[in-house]
Amino acid sequence: MDYQFKDIEKKWQQFWADHQTFKAEDKTTKPKYYVLDMFPYPSGAGLHVGHPLGYIASDIFSRYKRLKGFNVLHPMGYDSFGLPAEQYAIQTGQHPAITTEANINTYRRQLDQIGFSFDWSREVRTSSPDYYKWTQWIFMQLFNSWYNKDADKAESITTLVQHFENSGSKGINAVCDDDVLTFTADEWKAMSNHDQQEELLKYRLTYLRESTVNWCPALGTVLANDEVKDGFSERGGYPVEQKKMMQWSMRITAYADRLLKGLDTIDWPEPLKEMQRNWIGKSVGASVRFKLEDTSINANKALPSDFIEVFTTRVDTIFGVSFLVLAPEHELVASLTAPEQKADIDNYITQTKKKSELERMADAKTVSGAFTGSYAVNPLNGEKIPVWIADYVLAGYGTGAVMAVPSGDQRDYLFAKHFDLPIIQIIDIQKIDTEADPTKEGRYINSDFINGLTYKDAVAATVAKLEEIGAGKAKVNFRMRDAIFGRQRYWGEPVPVYFKDDLPHLISESDLPLVLPEVDKYLPTETGEPPLARATGWNYNGSEYELSTMPGWAGSSWYWYRYMDAHNNKAFASKEAIEYWKDVDLYIGGSEHATGHLLYSRFWNKFLKDMGEVVEEEPFKKLINQGMIQGRSNFVYRIIDDEGRGTNTFVSSGLRKDYKTSALHVDVNIVKNDILDLDKFKSWRPEFADAEFILDQGKYICGTEVEKMSKRYYNVVNPDDIATQYGADTLRMYEMFLGPLEQSKPWNTNGIEGVFKFLRKFWRLFHNDAWEFKVSEKEPSKAELKSLHKIIRKVEEDIERFSFNTSVSSFMIAVNELTDLKCNNKAILQDMVIILSPYAPHICEELWEILGNESGTLSYAPYPKFNPDFLIEDEFAYPISVNGKTKLNLSIPLSLEGKEVEDMVLASADVQKYLDGKTPKKVIVVKGRIVNIVI
RNA sequence: GCCUGGGUGGUGGACCUGGUAGACACGCAGGACUUAAAAUCCUGUUCGCCUUAAAGCGAGUGCGGGUUCGAUUCCCGCCCCAGGUACCA
């Protein structure tokens with residue numbers, strides 16, 4: 001029978017499910033191997049062709065590892081809390097749990113039809129109470145912990161309380177808020193419980209802090225950055241402003257150094273590690289205090305402090321400071337503003353409020369700022385320095401204030417030029433006529449006691465002086481900020497906290513999970529409280545619960561542990577399971593998670609390690625990024641008549657310059673290889689029923705563009721259609737054939753026929769012309785063995801370096817070779833089936849059975865061993881160039897070696913033709929082979 | 001703006017560690033088989049020039065430079081595209 005992929009795929013998917021073929025064992029002598037995919041958010045649009053890309057790669061690797069004798073854990077689940085389900089709920093009133101469930105069912109159906117070897121018995125869903133019980137439990141552990149810098153790990157808050165009781169705050173080296181108190185043991189004991197708890201909150205790893213959010217007054221909601229476009233809400237187009245709000249935060253900065261160091265121990269793509277390093281942004285510098293000048297402006301105001309603290313990485317340039325810049329949100333701004341400057345400053349602050357942080361950073365071209373009217377004093381030379389505000393200084397980074405050195409920093413330079421502020425040269429070789437020069441070479445000038453010093457000495461001398469006069473100290477600063485952990489949303493994990501006397505308290509562990517309550521609407525209340533405020537009777541013994549929920553990343557920051565022991569109701573996973581599976585050996589997912597999920601997960605993992613809950617410091621040993629699959633939109637060109645109205649005539653892409661046209665997105669499903677199916681187009685929409693076409697060589701060629709895959713561009717390609725038309729095996733191989741796994745690329749199905757043909761050819765190898773099964777048991781020929789062993793080596797190399805696309809090409813070559821050889825040898829074909837099976841498992845299972853093997857044993861069959869003896873050739877083509885250009889092809893017997901080869905090459909008529917009797921100037925030999933002769 | 005990645009024929013891509021650029025596949029063109037279609041097979045296919053043909057010549061991996069006997073690969077500068085930029089997941 002011809003290759004009937006539909007029957008074959010259905011049969012084997014059923015078989016795998018019935019026999020639980022891919023269930024990972026918890027006790028076995030086999031070595032363990034944990035292959036993890038980033039679990040999907042189940043969106044309403046269904047699985048698109050981009051999702052399976054990484055899943056197919058990880059599935060190939062999982063199947064390959066099983067063949068190599070590993071006990072493979074390859075699970076799948078759903079990151080099922082998220083904003084889109086909530087937005088849909090707001091619009092339709094439908095409970096997010098219901099739509100989420102429906103979406104999951106669609107995803108499962110789509111995943112099943114691709115033939116993945118997932119162990120579905122371990123499925124997790126982050127929105128299920130059985131699961132988020134443990135997300136809440138981890139939150140509680142974080143709340144109950146503080147970071148001891150001396151031990152360099154998190155510890156239970158009880159050790160901190162004991163220390164306070166014994167010795168007060170003295171000797172505590174913790175990561176904590178800036179405003180912690182200093183007290184003795186007696187003073188601590190004398191504090192009220194309320195005050196003690198308030199103090200402890202400054203040390204806890206989850207804590208409350210004021211942070212900025214996108215606030216939309218018209219909608220009465222906090223908006224995600226994604227929902228804000230150019231200062232207006234995407235939904236409704238209402239203005240959005242920046243607003244401060246008390247929020248739960250996570251002290252991820254406590255782990256900044258360990259997150260940096262850990263990167264050196266894991267096998268991740270170097271660019272991704274670089275992104276994390278840059279995100280953490282460790283910078284070594286100094287903090288410097290500029291005392292405020294005591295003027296009439298602020299003399300009679302109660303100042304929060306009498307100095308401005310700045311952080312700088314170039315403390316050596318302090319004599320070049322010609323002004324200070326505060327972030328417009330800086331706490332000192334109000335009190336520093338002189339009456340005559342108030343209008344300017346207020347106006348500027350209002351402008352700033354409209355911009356998001358991203359817009360502020362992106363807009364480096366326009367120089368803007370306002371003078372407060374106040375001055376500060378340079379601690380090292382007593383110079384009077386004007387204090388400005390500008391939106392290029394961000395409140396969240398460093399101290400929210402910078403010392404501006406126009407000669408060394410380009411932004412400061414532009415600012416100084418624009419507002420006519422002094423630019424002071426401080427290094428002898430500095431060139432500052434047209435732009436700032438941040439050089440560290442040369443010797444200092446105009447710089448008092450560091451004049452004549454080098455960079456290194458100047459830094460040391462400046463810091464020493466600042467410390468001596470108490471105006472500054474060496475400091476390490478991180479760009480990374482503590483992670484905001486609260487969302488004013490419904491569809492997320494409730495925070496297991498209630499409030500009493502304005503202080504947060506954890507609920508009892510035995511009351512977990514704190515289940516999300518029902519609400520009448522998924523919108524905030526009229527007073528602007530989060531949706532959970534709508535829940536009736538939702539309180540903890542009469543005390544109000546926290547009303548915000550956890551962010552999307554909470555549930556995904558530990559899920560790989562749940563797969564190890566998915567149904568445990570005593571712990572997030574048993575000690576034995578964690579002890580056995582330890583960590584993820586291979587993690588596949590997109591690099592868009594570099595500074596989100598992948599950082600938060602490492603953070604939580606380190607915390608859990610500190611608590612003794614898990615055994616590894618890093619959760620993901622090896623990581624591979626898969627590229628994003630973009631949509632490829634097709635366009636038709638409608639001719640516009642003289643009155644500017646669209647006609648019903650469409651012109652082929654190549655001919656459209658002769659007409660006035662407008663481009664229309666056309667459904668990519670009625671276009672094949674950019675050629676429009678005219679009949680399908682006519683029936684696509686009623687208005688096109690009598691469309692007319694101006695064809696190019698008998699065809700209508702569509703225009704194309706690469707865009708994000710989206711419903712509204714009619715360019716979403718669903719794997720279902722491909723699976724139905726060509727089968728799962730073709731889909732799997734085609735997605736791999738599309739290009740390197742790591743590379744982003746637009747989806748196109750141009751080459752899918754080739755992959756399908758390959759599988760049919762492979763099928764044909766086992767059958768005669770009448771589609772009857774035929775294999776022979778005779779000895780394989782040398783040529784057959786050569787083809788086989790070439791592909792064994794190639795595929796093994798390719799899989800180990802995740803180059804699946806080149807494997808597929810090699811398979812095509814091998815099958816072409818075997819077809820040419822009319823190979824029907826059982827031993828050869830059996831090995832071919834095994835090595836192809838990770839890529840195209842269904843067809844291989846069927847052929848495995850046809851070859852007389854026990855059904856279903858293919859998944860754990862022994863992988864063929866490569867034998868180099870079969871690759872021996874008699875001679876090889878010998879390409880050399882003359883003068884790096886001219887190319888010659890010589891055939892050299894393999895029996896010759898080294899000098900013999902060289903002599904033979906030089907004596908050959910081809911080379912002699914160029915040499916013309918002379919000796920060559922230079923002969924370049926690489927790995928014992930002449931590659932170039934210079935004459 | 002900043003961080004990270006990418007740019008090779010008509011198309012997807014190959015060239016892994018500096019050594020024959022364009023493997024493999026699609027598409028296209030021509031041919032075989034067939035009443036026909038499907039399927040299958042064969043030949044050609046980077047561009048330009050030259051040639052009856054065989055062959056030959058020149059250019060060529062985003063653009064401009066550099067290092068090297070030799071650069072798609074390494075270095076410097078630029079352009080364009082994609083991802084991230086802290087509440088999309």
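Given the structure is predicted, the values throughout are model-derived calculations rather than measurements. Every chain is numbered from 1 and lettered A, B, ... according to where its sequence line falls, protein lines coming before strand lines. The analysis underlying the following values was restricted to heavy atoms, covering all of them including side chains, and did not include hydrogens, waters or symmetry mates.
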[X] side chain near [N] phosphate (N/O to OP1/OP2, under 4.0 Å):
X      : N      : result
A:K761 : B:rC41 : yes
A:K922 : B:rC69 : yes
A:Q743 : B:rG5  : no
A:N805 : B:rG12 : no

Side chain to side chain contact (heavy atoms under 4.5 Å, CB included) partners of [X], counting only residues at least two apart:
X      : value
A:F232 : A:P239
A:D798 : A:K794, A:R801, A:S803, A:T806, A:S807, A:S810
A:K244 : A:E210, A:T212
A:V925 : A:E902, A:V923, A:I930

Quick one: list whatever passes salt bridge (charged side-chain N to carboxylate O under 4.0 Å, His left out) with [X], sequence neighbours left out.
X      : value
A:E817 : A:K790
A:K761 : none
A:R481 : A:E357

With [atom1] as the reference atom in both, quote the distance from [N] to [M] in angstrom, rounded to an integer.
N      : M      : atom1 : result
B:rC78 : B:rC3  : P     : 12 Å
B:rG10 : B:rC2  : C1'   : 38 Å
B:rA36 : B:rU43 : P     : 23 Å
B:rA59 : B:rA32 : C1'   : 37 Å
B:rU61 : B:rC28 : P     : 29 Å
B:rG13 : B:rG19 : P     : 22 Å
B:rU73 : B:rG9  : P     : 15 Å
B:rA21 : B:rU46 : C1'   : 10 Å

Looking at every strand, decide which applies to [X] at a 4.0 Å heavy-atom threshold: base, sugar-phosphate, or nothing.
X      : answer
A:R277 : nothing
A:N932 : base
A:P740 : sugar-phosphate
A:F737 : base

Whole angstrom is fine here: how far is it from [atom1] in [X] over to [atom2] in [N]?
X      : N      : atom1 : atom2 : value
A:K790 : B:rA23 : NZ    : C1'   : 12 Å
A:E270 : B:rG6  : CD    : P     : 13 Å
A:N816 : B:rU40 : CG    : P     : 12 Å
A:F811 : B:rA14 : CZ    : C1'   : 17 Å
A:F758 : B:rC26 : CZ    : P     : 13 Å
A:N750 : B:rC28 : CG    : P     : 10 Å
A:L599 : B:rG83 : CG    : P     : 21 Å
A:I280 : B:rC2  : CD1   : C1'   : 17 Å

### Query
Quick one: is the NZ or CZ of A:R602 closer than 6.0 Å to the six-membered ring centre of A:W279, and within 45° of its axis?
no

### Task
Look only at the side chain of A:S881 and the backbone of A:V931, and say whether a donor-acceptor pair between them is shorter than 3.5 Å.
yes

### Query
Which nucleotide, B:rA39, B:rA25, B:rG13, lies nearest any side-chain atom of A:R764?
B:rA39

#### Entry: Contact summary for A:S80 and A:W491, nearest pair of heavy atoms
O-NE1, 2.9 Å

### Query
Starting at the 5' end of RNA chain B and moving along, which residue's nearest nucleotide shows up first, A:L272 or A:S744?
A:L272

### Query
Relative to the 5' end of RNA chain B, which residue comes earlier, A:S809 or A:E274, by the nucleotide with the nearest heavy atom?
A:E274

## Note on the structure
So the side chain to side chain donor-acceptor pair (under 3.5 Å) pairs with at least one residue in residues 588-598 of chain A (sequence neighbours excluded) are A:Y587-A:H597, A:H597-A:S601

### Message
I want to verify the glycosidic state of B:rG9; is it syn or anti under the 90° rule?
### Response
syn

### Message
Within the 3.5 Å criterion, strictly below it, is a donor on A:E546 or A:W248 matched to an acceptor on the partner's side chain?
### Response
yes

### Message
Output one letter per nucleotide in nucleotides 84-89 of chain B: B when a protein non-hydrogen atom lies under 4.0 Å from the base, S when only the sugar-phosphate is that close, - when neither is.
### Response
SBBBBB

### Summary
Protein heavy-atom contacts under 4.0 Å, written 5' to 3' over nucleotides 73-80 of chain B as B (base), S (sugar-phosphate only) or - (none), form the string --------

### Query
Can you say whether the rings of A:Y392 and A:F415 are parallel (under 30°), tilted (30 to 60°) or perpendicular (over 60°)?
perpendicular

#### Entry: 5'-to-3' dot-bracket of RNA chain B (Watson-Crick, G-U; under 3.5 angstrom; crossing pairs as [ ]; | other strand)
(((((((..(((......[....)))((((((.......))))))((((......))))..(((((..]....))))))))))))....

### Query
Residues two or more places apart in sequence or in another chain: which of them pass side-chain hydrogen bond (donor to acceptor under 3.5 Å, both in side chains) with A:K355?
A:D391

